[in-house]
2 protein chains.
Amino acid sequence: MDQVEVFKALSNKTRLLILQWLKDPELHFPDQGRCVLEVGVCVGEIQRKVNLTQSTVSEYLSLLQRTGLIESTRIGQWTYYKRNEEAFRELKNLIDKEL
Amino acid sequence: MDQVEVFKALSNKTRLLILQWLKDPELHFPDQGRCVLEVGVCVGEIQRKVNLTQSTVSEYLSLLQRTGLIESTRIGQWTYYKRNEEAFRELKNLIDKEL
DNA sequence: AATCTACATCGGAATTTCCCGATATACCTG
DNA sequence: CAGGTATATCGGGAAATTCCGATGTAGATT
């Protein structure tokens, strides 16, 4: 886990918001289907809550994925993103020890 | 405490290193005087451990100070910097809750 | 006052980040 | 296959960041 890369990923209001929303997807994305907890939330659903273009949101999500903080599942024409809680535990542990 | 600003401050290898060094200044700055724990470490001492110019190190330190993560004390011609552990506790608490 | 030392600030070139519109790709449906 | 929808990727302008050398400023020394 590259500390600098993770902190860069977190250095953006929108990306922080997305990560926080994904903590409780049922609450923040009520229009999403029933398997929200399992597969996560699709890009379009996230984009509708963010005042940014589709391409920007897509890039933010893959950036977050590259850091390992979120994971994606492709189902049909949708890509669902959800938090990787294990990565968050690792990050918090790192911060606790090294910061 | 502005999360984005703090994460930006942490998004840099050198700044992270400095913050880690300041956790145990006696260990990492043995040439510094006796009141290291009280006032911290001066800019020049930090610069000698970093492969960057004086102006860059000075700017990094005031950037970190603006976030509140470190504090400065001017004594004579020296400016000493040390960690603000209270700010780190606040940050870790924020990360624990919001991330 | 003249000078030296420690640090801060300024101006700027190079790089990176932000965010967009356009386009490409993948999948689904008729 | 043609057309529609969801997402990814590309190219790029604008803004921010990185880091430098030069210069400014404050305190100490002579």
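Every chain is numbered from 1 and lettered A, B, ... according to where its sequence line falls, protein lines coming before strand lines.
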Practice problem: Nearest whole angstrom, please: distance from the C1' of D:dT23 to the CD of B:Gln54. | Solution: 11 Å
Quiz item: For B:Phe7 and D:dT17, what is the distance between atoms CZ and P respectively, to the nearest whole Å?
Solution: 16 Å
Self-check item: Test applied, salt bridge (Lys or Arg N to Asp or Glu O under 4.0 Å); reference residue, B:Glu86; option that passes from B:Arg83, B:Lys82, B:Arg89
Solution: B:Arg89
Quiz item: Hey, is the main chain of A:Leu17 close enough, under 3.5 Å, to the side chain of A:Arg15 for a donor-acceptor pair?
Solution: no
Quiz item: Is a donor on one side and an acceptor on the other found under 3.5 Å between the side chain of B:Asn84 and the backbone of B:Gly68?
Solution: yes
Quiz item: Listed in order of residue number, which residues of residues 63-72 of chain B have a non-hydrogen atom at under 4.0 Å from DNA chain D?
Solution: none
Quiz prompt | N/O (side chain, A:Arg15) to phosphate O (OP1/OP2, C:dC18) under 4.0 Å | solution = yes
Quiz item: When you check the phosphate oxygens OP1 and OP2 of D:dT17, does a side-chain N or O of B:Lys8 lie under 4.0 Å from one of them?
Solution: yes
Quiz item: Under a 4.0 Å heavy-atom cut-off, which of residues 75-85 of chain B touch DNA chain C?
Solution: B:Gln77, B:Trp78, B:Thr79, B:Tyr81
Quiz item: Is the backbone N or O of A:Phe7 less than 3.5 Å from a side-chain atom of B:Ser11, with the two atoms forming a donor-acceptor pair by type?
Solution: yes
Quiz prompt | Atom pair CG/NZ of B:Leu19 and B:Lys23 - distance to nearest 0.5 Å | solution = 10.0 Å
Self-check item: Integer-rounded Å distance: C:dC20 C1' and A:Gln47 CD
Solution: 12 Å
Quiz item: Which part of the nucleic acid, if any, lies within contact of A:Ser11, taking any heavy atom under 4.0 Å across all strands shown: a base, the sugar-phosphate backbone alone, or nothing?
Solution: sugar-phosphate
Quiz item: Taking CD from A:Glu59 and C1' from C:dA24, how many angstroms apart are they, rounded to a whole number?
Solution: 14 Å
Quiz prompt | Presence of B:Ser58 side-chain N/O under 4.0 Å of C:dC7 phosphate oxygens OP1/OP2 | solution = no
Self-check item: Distance in angstrom units between A:Leu17 CG and C:dC19 C1', rounded
Solution: 16 Å
Quiz item: When the distance from CZ of A:Arg74 to P of D:dT9 is rounded to whole Å, what number comes out?
Solution: 10 Å
Practice problem: Tell me whether A:Leu69 is reachable from A:Val36 by hopping between hydrophobic residues (I, L, V, M, F, W, Y) whose side-chain heavy atoms are closer than 4.5 Å. | Solution: yes
Practice problem: Start with the C-alpha gap between B:Leu10 and A:Ile95, add the side-chain angles, then the distance that decides, and say whether side chain to side chain contact (heavy atoms under 4.5 Å, CB included) holds. | Solution: CA-CA 11 Å; B:Leu10 298 174; A:Ile95 288 173; over 6 Å; no
Quiz item: Can you tell me how far P of C:dC18 sits from CG of A:Leu52, to the nearest Å?
Solution: 11 Å
Practice problem: Report yes if a side-chain nitrogen or oxygen of A:Thr53 is closer than 4.0 Å to either non-bridging phosphate oxygen (OP1 or OP2) of C:dC20; otherwise report no. | Solution: yes
Self-check item: Polar side-chain atom of B:Gln32 near backbone of B:Glu26 as donor-acceptor pair, under 3.5 Å
Solution: no
Self-check item: Plane angle bin for B:Trp21 and B:Phe29 - parallel if under 30°, tilted between 30 and 60°, otherwise perpendicular
Solution: perpendicular
Quiz item: What integer distance in Å separates A:Leu16:CG from C:dT17:C1'?
Solution: 15 Å
Self-check item: Under-4.0 Å side-chain N/O to phosphate OP1/OP2 contact, A:Asn12 with C:dT17
Solution: no
